[in-house]
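Take a look at the structure below.
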Amino acid sequence: MLIRRPDPILPSEITPEAVYLERRRFLRQAAFGSAGIALALAGCEGESAEEAPPADEPTPYKDVTSYNNFYEFGTSKEDPARYAGSLKTRPWSVVVEGEVERPGTLDLEDLLRPFTAEERIYRLRCVEAWSMVIPWQGIPLGTVLERFAPTSRAKYVYFETLHDPAQMPGQNRGVLDWPYREGLRMDEAMHPLTLLATGLYGRELPNQNGAPLRLVVPWKYGFKSIKSIVRIRLDERQPPTSWSTSNPGEYGFYANVNPEVDHPRWSQRYERRIGELRRRPTLPFNGYADEVAHLYAGMDLQRYF
Ligand code: MTE
């Protein structure tokens, strides 16, 4: 398979943040006036251009790209922006294997094509009780998985980040059992809110945010949104994940944002949006309960946290 290096983005093609925000404001007004216009402009099918309600102003690009968690480059929030330049994101390929009828490799070029077409603004909530609102570009994970024809035995999806300590020096330290691993239940993976993201703010994904592609699962704590993915495996069994393996008492497999279930070392009742001083009450499923609560009907969410 040929992975073509996309043409470099010219400075004139990059949407400045102010223009971007103005465009979003226009889209929002259009959404109130006529949902149809907003849908057409955003190039999304069957859903509103704005995933987050109007009160959610996007977090400034600078904050989104300078306050990160990416332990492969260090454990402080500033480390990823400082050190992730050593990650080489081309060529890049993602193996898709396991319970699929057509195992193969994901074509990065294919994913980068809808880069400007599909935009979604999602809240991302970290387990440490801070949150951001981010305009992403990407493609729903379910659309991608369908290409590989999941078998009826596929119950879970496992994801793995690149393991290469030369490019990711944080992997020389035993903070986690590398590579970073994550997993979703099949219905969570196929849910239209689950995005395989390739960019943000109209630009290609910066390395510190998980280039060239990462997961975004907006109703779960941020650690589920694994970065720089190189392997996707469909499995019959629930896969081991980095955080739930390293500290099962603190990090569960599901990790749905839930103000009723505290982290053992801090409350999850309130969160601080980056750029704001006041704290906000944490919303169940990070504000996406209408869309996803049914996935967990009948489950004890205190136990399956
Ligand atoms: N993916 C990898 N490979 N390594 C990481 O350390 N951190 C996770 C998640 N994905 C992490 C990762 C955590 S804890 C969070 S909160 C989010 O990425 C942060 O995403 P952001 O830096 O884009 O805000």
Side-chain angles (χ1 to χ4, degrees), residues 58-84 86-87 89 92 94 120-138 141 158-165 167-184 194-201 203-232 241-247 250-252 255-257 263 265-266 268 271-275 282 286:
T59 305
Y61 180 84
K62 190 173 156 293
D63 294 335
V64 172
T65 58
S66 61
Y67 189 83
N68 300 100
N69 271 341
F70 201 169
Y71 277 20
E72 285 84 340
F73 299 101
T75 52
S76 94
K77 308 288 180 223
E78 293 76 30
D79 284 342
R82 208 176 289 151
Y83 303 119
S86 55
L87 175 65
T89 59
W92 191 274
V94 182
R120 296 183 176 193
I121 294 195
Y122 283 154
R123 304 177 203 94
L124 200 64
R125 166 72 163 69
C126 252
V127 79
E128 302 101 301
W130 48 270
S131 63
M132 296 194 190
V133 179
I134 306 178
W136 299 99
Q137 288 80 45
L141 174 67
Y158 165 81
F159 306 86
E160 208 175 271
T161 295
L162 176 72
H163 187 202
D164 183 352
Q167 293 188 62
M168 296 177 143
Q171 289 177 337
N172 290 309
R173 295 168 59 196
V175 218
L176 284 174
D177 186 18
W178 310 108
Y180 196 99
R181 302 179 178 95
E182 257 311 331
L184 293 173
T194 303
L195 201 69
L196 212 43
T198 51
L200 56 83
Y201 263 111
R203 306 184 192 190
E204 220 170 288
L205 210 53
N207 283 6
Q208 60 267 34
N209 292 88
L213 82 163
R214 56 100 47 96
L215 202 61
V216 178
V217 196
W219 70 95
K220 293 180 180 282
Y221 291 117
F223 68 86
K224 298 296 285 184
S225 292
I226 180 172
K227 298 176 168 182
S228 307
I229 299 167
V230 292
R231 183 180 304 278
I232 297 179
T241 64
S242 288
W243 286 102
S244 63
T245 306
S246 80
N247 199 338
E250 297 197 355
Y251 306 98
N256 292 319
V257 173
H263 184 279
R265 288 180 281 137
W266 55 78
Q268 295 289 20
E271 67 192 56
R272 197 176 70 82
R273 179 112 352 129
I274 297 300
T282 299
N286 205 20

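Every number for a ligand or one of its atoms is a count from 1 in the order of the listing. No hydrogens, no waters, no symmetry mates; every other heavy atom, side chains included, goes into these values.
- Residues Tyr71 and Trp243 place their aromatic rings such that the two centres sit under 6.0 Å apart.
- Lys77 has a carboxylate O that lies under 4.0 Å from a charged side-chain N of Glu128, or vice versa, which qualifies the two as a salt bridge.
- For ligand 1, the atoms lying closer than 4.0 Å to a non-hydrogen atom of Asn209 are 23 (O).
- Inter-residue side-chain proximity for Thr198 and Leu205 is flagged as unmet; no heavy-atom pair is nearer than 4.5 Å.
- Regarding atom 6 (O) of ligand 1, its nearest protein heavy-atom neighbour is Tyr71 N, 2.7 Å.
- Atom CG of residue Asp177 and atom OG1 of residue Thr241 lie 11.5 Å apart, to the nearest 0.5 angstrom.
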Exercise. Does the side-chain hydrogen bond (donor to acceptor under 3.5 Å, both in side chains) test come out yes or no for Arg181 and Ser242, once each step is laid out?
Worked result: CA-CA 5 Å; Arg181 302 179 178 95; Ser242 288; 5.1 Å; no
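- Taking each of Lys224, Glu128, Lys227 in turn, the one with a heavy atom nearest to atom 1 (N) of ligand 1 proves to be Lys227.
- Using a 4.0 Å cut-off between heavy atoms, Thr161 contacts ligand 1 through its side chain alone, with no backbone atom that close.
- By the 3.5 Å distance cut-off applied to N or O atoms, Trp136 is not counted among the residues near ligand 1.
- For Thr245, the side-chain contact (heavy atoms from CB on, under 4.5 Å) criterion is met by Pro240, not counting sequence neighbours.
- Atoms CG and CD1, from Leu162 and Ile229 in turn, are 11.5 Å apart once rounded to the nearest 0.5 Å.
- For Ser225, a nitrogen or oxygen atom sits less than 3.5 Å from a nitrogen or oxygen atom of ligand 1, counting backbone and side chain alike.
- Summarising the contacts of atom 14 (S) of ligand 1 with Asn69, Leu162, Asp63, the nearest heavy atom is found in Asn69.
- Of the heavy atoms in Met132, none comes closer than 4.0 Å to ligand 1.
- Distances from atom 16 (S) of ligand 1 to the heavy atoms of Ser228, Cys126, Gly222 put Cys126 nearest.
- In this structure, atom 4 (N) of ligand 1 lies nearest to the protein heavy atom Glu72 OE1, 2.8 Å.
- With a 4.0 Å heavy-atom cut-off, ligand 1 is reached by the side chain of Tyr180 but not by its N, CA, C or O.
- At least one test fails for Arg214 against the ring of Phe70: distance under 6.0 Å to the centre or angle within 45° of the axis.
- Under 4.0 Å from ligand 1, the heavy atoms of Arg214 that appear belong solely to its side chain.
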